[in-house]
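Sequence lines set the chain letters: A, B, ... in the order given, protein chains first and strands last, and positions in each chain run from 1.
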Protein chains: 2
Amino acid sequence: MTKPRTRRGGGRPTIADVARKAGVGAITVSRALREPERVSEELRRQIQAAVDELGYVPDPNARALASARAEVFGVLVPSLTNNVFAEVVRGIYDSLSASPFRIQLGNTHYSGLEEERLLQLFGSQRPAALIVAGIDQTPASRKLLESAGCPVVQVMETGPDPVDMMVGFSHLDGGRAATEHLIEAGYRRVGFIGARMDPRSQRRLAGYRAAMEAAGLFDPRLVTTTPVLSSVSLGREMFRDALAKVPTLDGVFCNNDDIALGVLFECHRASIAVPKTIGIVGFNDLDMMQVAFPSVTSIRTHRYEIGRRAVAMALAAIAGKRPEQRIVDLGFELKRRESTAR
Amino acid sequence: MTKPRTRRGGGRPTIADVARKAGVGAITVSRALREPERVSEELRRQIQAAVDELGYVPDPNARALASARAEVFGVLVPSLTNNVFAEVVRGIYDSLSASPFRIQLGNTHYSGLEEERLLQLFGSQRPAALIVAGIDQTPASRKLLESAGCPVVQVMETGPDPVDMMVGFSHLDGGRAATEHLIEAGYRRVGFIGARMDPRSQRRLAGYRAAMEAAGLFDPRLVTTTPVLSSVSLGREMFRDALAKVPTLDGVFCNNDDIALGVLFECHRASIAVPKTIGIVGFNDLDMMQVAFPSVTSIRTHRYEIGRRAVAMALAAIAGKRPEQRIVDLGFELKRRESTAR
DNA sequence: CGCCAATTTGGTAGCGCTACCATCTCCTAC
DNA sequence: GTAGGAGATGGTAGCGCTACCAAATTGGCG
């Protein structure tokens, strides 16, 4: 007669408690919760009453263990504070809040190694889907993604050869469009200023270069980059460097809006007329760009929508209805504003 | 002779595989991984070799189920895109990245109901600790926190009566300090502009009011608020409203830096001299405030550090070394800049 | 009226791990 | 020489849930 060992779980009600109270088998409770249409209405009602009365909440860990599938979306982004990724993440959260899926969010700090580590960790949870930023995974990461056994969505960019699905846009085209706009507006000595030169920034730079070369205006001295994390203050400093290097500079395509804002502020401070003396184009089109004085031309990207679409595609794949379009290009819009209106 | 049912788990190695390969019991492998000092060095080495060879990664779900404790920190914030919370979250992530703990992040959208729902959900996972933003939980949420059976840290604010532990600062004092600074600088018709009037904003407003009343300057018409989510463009609009209402306005304390930036831009646009005609003070001191032209006075808050401290306190409590100081006030700093230097 | 299929319900056997207790060795103390 | 304790290792029995299969019930049809 071994004494019934105290319940380790701390006394929260289990599915067995609900089953007992409702006078049914445990498996029926499980079904009533997951596939209500397969249980008669009467039992469903009884079970719901028992659930409410006991305050039963299923244990996701037990569920994941028994079904070999956790109701978790793994999400990997390079930064939590960069507004761009924060918006994508918000789109993901909003799309998933009404679903049973939880989110496991990882911050790679722009490190391939960290990405591998997190992918390994996430994989051990058997997630229902994985959403990762970027398309330049290391070979090891790519292998992990391919063998994850769940839908995978690469976001922020489009490119050939997706692991599974993709939602984003072409950063190269964005960079080109921004630069062409400056050239069309009459700017000639157009610089590129970019911090945190991640793969997406590299492609924007490539777009800039393509446009400049096509116009016969490219000059390597016009390009100013740094691997340092982007910020408004960095934008200001880099602009000063760029101007010192090329005093005839008359326009800048900034890798992102933070940099552009730093440039704008420095122009104010140094009494450089915008858009007359210098034209400025940013990237991403944060809310503040249209409010700035002068308002700043920027490439509007659809970050929130990228998050939503990624979830929608993953959900469809989970439901077995894999979208026929595996690569979704959400594009971008050039927002022409005062900073380039000369 | 029932055929051995195919492994549901999809063939990833389990602790039993490692044990077999290392020639030890499963429980010894478990111990070697969790409490290496309790296993002889020789076995430890053998086990590590087997783990590496098989690429074994423990299943966190099984672990959580067996130990009735998930290695998860539940984190609840009202917004993912607000830079202030993003910084706190980043501090939490950075502090936890080297630990075995995962993070479950929830977005309450400033809704008490949503907070309750998420708390309920998180509770079902038996988290190792909970970190929640704010101190104004609904009674139901507070009950959930109190019965969570794990350390709880309320962040962003300090106040009496913590559920368990607290890290933050006094928003009332911050609001008062900002307003007193404007008054000392000689501004008299000082307005308050605040969007998204959450409890913290309310307390900043209370600080503003206290300072204005102490100086005999308070006038309800100086206060402009809205429940709408804060943004730079909203800041611009609200400032125009405020100015229309009180044309003699000569200073503004903005509920946050986004609003302050909107005010600054509108001043540029309307050729209102800053700091001569209007003084501006923000709140939080985002990087861009010191770069802006003119640079903007703001209340610097230690968001990242709040995240780090919250984790440190929770970790200490988990380890049984509950910090003797349950309420940590990290304070704030008034950064005097050009926008109030007249 | 019996047979088969469809529908609803339940029992059993794990999922992969760890809590708990038992065992075994080795060492110290008297 | 033996008791007692500390340290290392292992076995057993679940944790709470669901996959799989079996059984019971219902209904349609020849």
Side-chain angles (χ1 to χ4, degrees), chain A residues 1-20 22-47 51 54 56-71 100 123-126 128 149, chain B residues 2-20 22-47 51 54 56-71 100 123-126 128:
Chain A
M1 185 173 135
T2 52
K3 75 158 184 287
R5 126 135 139 272
T6 46
R7 259 246 278 286
R8 297 202 282 217
R12 297 188 324 127
T14 73
I15 204 168
D17 298 328
V18 176
R20 205 171 308 118
V24 300
I27 190 67
T28 305
V29 175
S30 174
R31 259 197 295 261
L33 263 26
R34 290 175 303 133
E35 320 166 82
E37 72 284 358
R38 311 223 314 107
V39 173
S40 69
E41 184 165 339
E42 195 194 328
L43 280 193
R44 220 185 306 161
R45 217 193 313 279
Q46 283 176 41
I47 290 169
V51 165
L54 294 171
Y56 169 73
V57 183
D59 181 330
N61 299 118
R63 204 168 241 196
L65 183 59
S67 64
R69 180 55 67 215
E71 292 188 316
S124 71
Q125 292 184 68
R126 310 167 180 292
Chain B
T2 52
K3 74 156 187 282
R5 125 135 136 273
T6 47
R7 259 246 277 287
R8 298 200 285 216
R12 297 189 325 124
T14 72
I15 204 168
D17 299 326
V18 176
R20 205 170 310 117
V24 300
I27 189 68
T28 304
V29 174
S30 174
R31 259 196 295 261
L33 262 26
R34 290 175 302 133
E35 320 166 82
E37 71 285 358
R38 312 224 312 109
V39 173
S40 70
E41 187 165 337
E42 196 193 328
L43 280 194
R44 223 186 304 163
R45 218 192 312 279
Q46 282 176 41
I47 290 169
V51 165
L54 294 171
Y56 170 72
V57 183
D59 182 330
N61 298 119
R63 203 169 240 194
L65 183 58
S67 63
R69 177 58 69 218
E71 291 187 317
S124 72
Q125 292 185 66
R126 310 167 181 292

query: side chain to side chain contact (heavy atoms under 4.5 Å, CB included) with A/E35: which residues, sequence neighbours excluded?
result: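 Scan of A/E35 (side chain to side chain contact (heavy atoms under 4.5 Å, CB included), adjacent residues dropped) gives A/R31, A/E37, A/R38.
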- prompt: Which residues pass the side chain to side chain contact (heavy atoms under 4.5 Å, CB included) test with B/R45, sequence neighbours left out?
  reply: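 Result, side chain to side chain contact (heavy atoms under 4.5 Å, CB included) vs B/R45: B/E41.
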task: Please list, chain by chain and in numerical order, all residues satisfying side-chain hydrogen bond (donor to acceptor under 3.5 Å, both in side chains) with A/Q125, sequence neighbours excluded.
output: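 A/Q125 satisfies side-chain hydrogen bond (donor to acceptor under 3.5 Å, both in side chains) with B/R102 once adjacent residues are dropped.
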message: According to side-chain hydrogen bond (donor to acceptor under 3.5 Å, both in side chains), who are the partners of A/S124, at least two apart in sequence or on a separate chain?
response: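 Counting only residues at least two positions away or on another chain, A/S124 forms no side-chain hydrogen bond (donor to acceptor under 3.5 Å, both in side chains).
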message: From the set D/dT18, D/dG10, D/dA8, return the single nucleotide nearest to any side-chain atom of B/R31.
response: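 The nucleotide sitting nearest to the side chain is D/dG10.
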- prompt: Closest to the A/D59 side chain: C/dG16, D/dC17, D/dG10?
  reply: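 From the listed options, D/dC17 comes nearest.
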C/dT9 OP1/OP2 closer than 4.0 Å to side-chain N/O of A/S40: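 So the side chain of A/S40 is within the cut-off, an N or O lying under 4.0 Å from OP1 or OP2 of C/dT9.
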message: Does C/dT18 have its OP1 or OP2 closer than 4.0 Å to a side-chain nitrogen or oxygen of B/S30?
response: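 Answer yes for this pair, as a side-chain N or O of B/S30 is under 4.0 Å from OP1 or OP2.
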field: Partner set under salt bridge (charged side-chain N to carboxylate O under 4.0 Å, His left out) for B/R20, not counting sequence neighbours
entry: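 Residues passing salt bridge (charged side-chain N to carboxylate O under 4.0 Å, His left out) with B/R20: B/D17.
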field: Near-strand residues of residues 32-39 of chain A, defined as heavy-atom separation under 4.0 angstrom from DNA chain D
entry: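 Within this stretch, A/R34 sit under 4.0 Å of the strand.
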Please produce a list of atom pairs where a protein N or O lies less than 3.5 Å from an N or O of nucleotides 25-28 of chain C.
none

message: With each end axis built from five pairs of C1' atoms, what bend angle do you get for the helix from C/dC1-D/dG30 to C/dC30-D/dG1? Round to 10°.
response: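 Taking the rotation axis at each end, their angle is 40°.
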Pair B/R63-B/S67, side-chain donor/acceptor within less than 3.5 Å: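 On atom types as modelled, these side chains do not qualify, holding no pair under 3.5 Å.
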